[in-house]
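For reference, the structure discussed in these notes is given below.
Below, chain A is the first sequence line, B the second, and so on; all start at residue 1. All values reported here derive from a predicted model rather than from experimental measurement.
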Number of protein chains: 2
Amino acid sequence: MKLDSRLSRMLHILVHMARADGPITSQAAAEMLGSNAVVVRRTMAGLRDAGLVQSVKGHGGGWTITAEPDQVTMLQVYRAVGEPRIFSIGLADPNSACLVEQAVNASMRSALKEAEEALVTRLGEVTLADIARDFERRFALLGEQARTA
Amino acid sequence: MKLDSRLSRMLHILVHMARADGPITSQAAAEMLGSNAVVVRRTMAGLRDAGLVQSVKGHGGGWTITAEPDQVTMLQVYRAVGEPRIFSIGLADPNSACLVEQAVNASMRSALKEAEEALVTRLGEVTLADIARDFERRFALLGEQARTA
DNA sequence: TTTTACGCAACATATGGGGTTACATAAACC
DNA sequence: GGTTTATGTAACCCCATATGTTGCGTAAAA
């Protein structure tokens, strides 16, 4: 399997939604992501259940962000998409009867736990508003470069 | 794919080898791991290339650890098995032209980098000897429990 | 010479995210 | 009211990759 990109994709769309003045359709989102409208709906369903967005059917419908961008962290989005497995490495047998393997498992668990905590902590510190501000900075920088070129 | 257990498995066998007084055959190792001798050879080849173990063909042959257990860290073993991908989550498009996605990618990269550094640091701090000592502790504890039961 | 092991290529298998098709339903527009 | 536009969801296929398996070659000891 390739990388699970649900978190990354949802962040992408959420920031777009935060900047849009109306709903974004699944089709439009899919085009932004280079993906498929069904995949978008499937993944966004988690965000809707988490209360981060709402969906409206029919003409003029689509997806709208309902939460305040400065109140939504990457961690919340990660959880809203179902808390996908973080690591692709892990224990061979979590419940081995072999004491050697138990010792190995203890050291592996400890290392992975530390890394996961570092990740979760960081995800909890960055909001959609932070990412949107970074976008604005990049956007301004681009205009700057165009003018001085 | 399930979890990549190569690091875990190799640690397991390395600690067994450190405690054995002779070579361990691929078949014996495979039985310890609940796996297959070919898989063992395939994975151990990396450890041999890294100089951690040696293999001997024929009668009485098998695998022997050649490095000092207190000089071999989990990190070295991780590298010897080919530095498998750590995360199962990641960026949707690492080289997107979309500035929003670039901002998302920056925040994702930063969080993942921090977690990876935490993991690598920890892996570099724990040696095979540490794991072997933990095994001894567990083993002693088990005898203790048996006597007081 | 036989047996025991490793070395390695080639192929099979399982898993899970993502892509695709199909159909149902709801809401806006005419 | 009928048509169009959207979402909701099920049911499939596709693909990458660690792992499992078979087969054959080679080296070393009995």
Side-chain angles (χ1 to χ4, degrees), chain A residues 1-10 12-13 17 20 22-49 53-66 78 81-93, chain B residues 1-10 12-13 17 20 22-49 53-66 78 81-93:
Chain A
M1 181 70 44
K2 303 285 276 222
L3 294 172
D4 182 331
S5 59
R6 285 176 290 181
L7 170 57
S8 167
R9 284 176 156 182
M10 289 304 99
H12 185 180
I13 295 304
M17 287 197 299
I24 291 178
T25 66
S26 303
Q27 182 58 38
E31 280 159 17
M32 292 173 187
L33 296 174
S35 176
N36 184 291
V38 176
V39 175
V40 169
R41 286 188 202 112
R42 186 191 288 160
T43 313
M44 299 275 275
L47 305 191
R48 185 187 51 220
D49 295 346
V53 300
Q54 71 177 17
S55 59
V56 173
K57 289 181 171 180
H59 264 288
W63 299 86
T64 314
I65 187 168
T66 53
Y78 167 69
V81 295
E83 297 196 59
R85 193 159 44 76
I86 294 172
F87 299 106
S88 52
I89 61 177
L91 311 185
D93 177 2
Chain B
M1 179 75 43
K2 300 285 277 219
L3 294 172
D4 183 330
S5 58
R6 285 177 290 183
L7 170 57
S8 167
R9 282 176 156 181
M10 290 303 99
H12 184 179
I13 295 305
M17 289 197 299
I24 291 177
T25 65
S26 303
Q27 182 58 39
E31 280 160 16
M32 292 173 187
L33 296 174
S35 176
N36 183 290
V38 176
V39 175
V40 169
R41 287 189 199 109
R42 186 189 290 161
T43 313
M44 299 275 276
L47 305 192
R48 185 185 52 220
D49 296 346
V53 300
Q54 71 177 16
S55 59
V56 173
K57 288 181 171 181
H59 265 287
W63 299 86
T64 313
I65 188 169
T66 53
Y78 167 70
V81 295
E83 298 196 58
R85 193 158 44 76
I86 293 173
F87 298 106
S88 51
I89 61 177
L91 311 186
D93 176 2

- [ ] Compare all side-chain heavy atoms of A:Pro84 with those of A:Arg6 and state whether any distance is below 4.5 angstrom.
- [x] yes
Task: Contact check, side chains of B:Arg9 and B:Val39, non-hydrogen atoms, under 4.5 Å - done: yes
Task: Straight-line distance of B:Asn36 CG to B:Thr43 OG1, nearest 0.5 Å - done: 10.0 Å
- [ ] Supply the atom-to-atom distance A:His12 NE2 to A:Leu33 CG, rounded to the nearest 0.5 angstrom.
- [x] 6.0 Å
Rounded distance in Å - [atom1] ([X]) to [atom2] ([N]):
| X | N | atom1 | atom2 | value |
| --- | --- | --- | --- | --- |
| B:Met44 | C:dG7 | CE | P | 9 Å |
| A:Asp4 | C:dG19 | CG | P | 11 Å |
| A:His12 | C:dG18 | NE2 | C1' | 17 Å |
| B:Arg48 | C:dA5 | CZ | C1' | 13 Å |
| B:Ile86 | D:dA18 | CD1 | C1' | 17 Å |
| B:Lys57 | D:dA30 | NZ | C1' | 18 Å |
| A:His59 | D:dT3 | NE2 | C1' | 8 Å |
| A:Ile24 | D:dT5 | CD1 | C1' | 17 Å |

Open item on the list: Using a heavy-atom cut-off of 4.0 Å across all strands, would you classify A:Ser35 as base, sugar-phosphate, or nothing?
Closed with: sugar-phosphate
Open item on the list: Using a heavy-atom cut-off of 4.0 Å across all strands, would you classify B:Gly62 as base, sugar-phosphate, or nothing?
Closed with: sugar-phosphate
If you compare every side-chain N and O of [X] against the phosphate oxygens of [N] (OP1, OP2), does one of them come in below 4.0 Å?
| X | N | answer |
| --- | --- | --- |
| B:Arg41 | C:dC6 | yes |
| B:Arg6 | D:dT19 | yes |
| A:Ser88 | D:dA18 | no |
| A:Arg85 | C:dT15 | no |
| A:Ser55 | D:dG8 | yes |

- [ ] Specify the closest pair of heavy atoms between B:Leu91 and A:Leu3, including all atoms of both residues, with the distance to one decimal.
- [x] N-CD1, 4.4 Å
Open item on the list: How close do A:Tyr78 and A:Leu7 get, counting heavy atoms only, and between which atoms?
Closed with: N-CD1, 3.7 Å
Under 3.5 Å, which N/O atoms of the protein pair with N/O atoms of nucleotides 11-13 of chain D?
residue	atom	partner	partner atom	Å
D:dA11	N6	A:Arg42	NH2	3.2

- [ ] Could you check B:Gly61 against A:Asn36 and say which one's nearest nucleotide on DNA chain C is further toward the 5' end?
- [x] B:Gly61
Task: Check: A:Gly62 main-chain N/O paired with A:Ser55 side-chain donor or acceptor under 3.5 Å - done: no
